[in-house]
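In what follows, a structure is listed as structure tokens, so that the remarks can point back to it.
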Amino acid sequence: MVAFILPANSATGDYEINNSYRIDSGSAVGLSRFGNNSRNGNTFTISFWLKRTKLGTYQVLVTSKVEDSGANGFLISIQANDKIQVQGQVASGTGSGAGRVQLTTSAVFRDTAAWYHIVYRHDVTLSTATDRHRLYVNGVRQSTGTYNATDQNVGYSFFYNAGSYPYAIGNDERDNEYADFYMAEHHYTDGVSNGPDAFGETNDNGVWIPKQYGGSHGTYGHYLKFEQSGAGSGTTVVGEHDYTTGTASTIGADSSGNDNHFHVQGYSV
């Protein structure tokens, strides 16, 4: 579904987001793109606006998990208790220690009328462990009830950054798990560490609103505006896993200039 939305919580500002992407778990809808293992696994940023439509259930927001057995991968989700969780584990990880990141917010997010701006900032080059994995909601860094940081300069590439596994929005194909929400203005900046002020700002009424991002997405980054209305698929590529590329004419079109278009799965405009 393509919908017109105003900035966060319907506050007006100079920059308006014109479209959003709606998915629901009953339709098994999602977007996916296979990556490139040349991506920077040490430094990246994920930013998007989210409006919830179902509470009290596990919701996959962004994931890149292996498609067979195993727990390795990268995942941003909302838990059944309505807290946001980030998890990452490398292929050689054991579930804890240097190869694993996990953080869970102390706060819960249950307002289905509001738009939440979520930013995950990943930079394991930093010497301070508590700054290597940072999560912000509406410009505010979140306190965490659970936090585990990777070691500095671990040099690992999470499956999120691997070429053989998909970056997916709203679905985890391995477990056939799908989500229910609206999403808008989805950025992934490869090799670039951004704070929330790169994507938003506080207006005169004290409301966090979006602003136009003027920085780099890196070589393998993307920017999904959800402006196109097509739901067709691109070319099927045969590799370690068969997959379908996206095109510039579908709702998964990349506007970063990198042509990293997303494949549209199970979607009717």
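Scope of the values below: all heavy atoms of this structure, side chains included, with no hydrogens, waters or symmetry mates. As the structure is a prediction and not an experimental result, all values here were calculated from the model.
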Where [X] and [Y] come nearest, the two heavy atoms and their spacing:
X	Y	value
Y116	V137	CD2-CG1, 3.9 Å
T125	Q152	O-NE2, 2.9 Å
K83	T105	CD-O, 3.1 Å
F226	N19	O-CB, 3.2 Å
V192	T45	O-OG1, 2.7 Å

Measuring only between side-chain heavy atoms, which start at C-beta, is [X] closer than 4.5 Å to [Y]?
X	Y	value
P196	R134	no
I46	F74	yes
H133	V124	yes

>> Has R132 got a side-chain atom pairing as donor or acceptor with S127's backbone, closer than 3.5 angstrom?
In response: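 It does hold such a pair.
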> Between the side chain of S255 and the main-chain N/O of K225, is any donor-acceptor distance below 3.5 Å?
Replying inline: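 A pair under 3.5 Å: no.
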> Would you call the rings of H122 and F44 parallel, tilted or perpendicular, where under 30° means parallel and over 60° means perpendicular?
Replying inline: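 Correct class here is parallel.
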> Using 30° and 60° as the class limits, which term best fits the ring planes of H117 and F199: parallel, tilted or perpendicular?
Replying inline: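 H117 and F199: perpendicular rings.
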>> Between H186 and Y21, is the ring centroid distance below 6.0 Å?
In response: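 No, they do not, as the ring centres are separated by 6.0 Å or more.
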> What about the rings of Y220 and Y188, do their centers lie closer together than 6.0 Å?
Replying inline: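 Between Y220 and Y188, the centre distance exceeds or equals 6.0 Å.
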>> Between W115 and S20, does the side-chain contact (heavy atoms from CB on, under 4.5 Å) criterion hold? Intermediate values first, please.
In response: CA-CA 11 Å; W115 281 89; S20 64; 3.7 Å; yes
> Under 3.5 Å, is there a donor-acceptor pair between the S77 and Q79 side chains?
Replying inline: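 Checked: S77/Q79 side chains pair up, N/O donor to acceptor below 3.5 Å.
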> Just checking, is any N or O donor in the side chain of T104 or Q85 under 3.5 Å from an acceptor N or O on the other one?
Replying inline: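 Their side chains do contain a donor-acceptor pair, which is all the 3.5 Å distance test asks for.
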>> By the definition side chain to side chain contact (heavy atoms under 4.5 Å, CB included), identify the one residue from L135, V86, I169 that meets it with I76.
In response: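 The side chain to side chain contact (heavy atoms under 4.5 Å, CB included) with I76 is passed solely by V86 among L135, V86, I169.
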>> Quick check for you: to the nearest 0.5 Å, what is the distance between L61 atom CG and Q59 atom CD?
In response: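 Reported to 0.5 Å precision, the distance equals 7.5 Å.
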> Looking at H261, H263, H222, which one forms a ring pair (Phe, Tyr, Trp, His ring centres under 6.0 Å) with Y167?
Replying inline: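 Single ring pair (Phe, Tyr, Trp, His ring centres under 6.0 Å) partner of Y167 among H261, H263, H222: H222.
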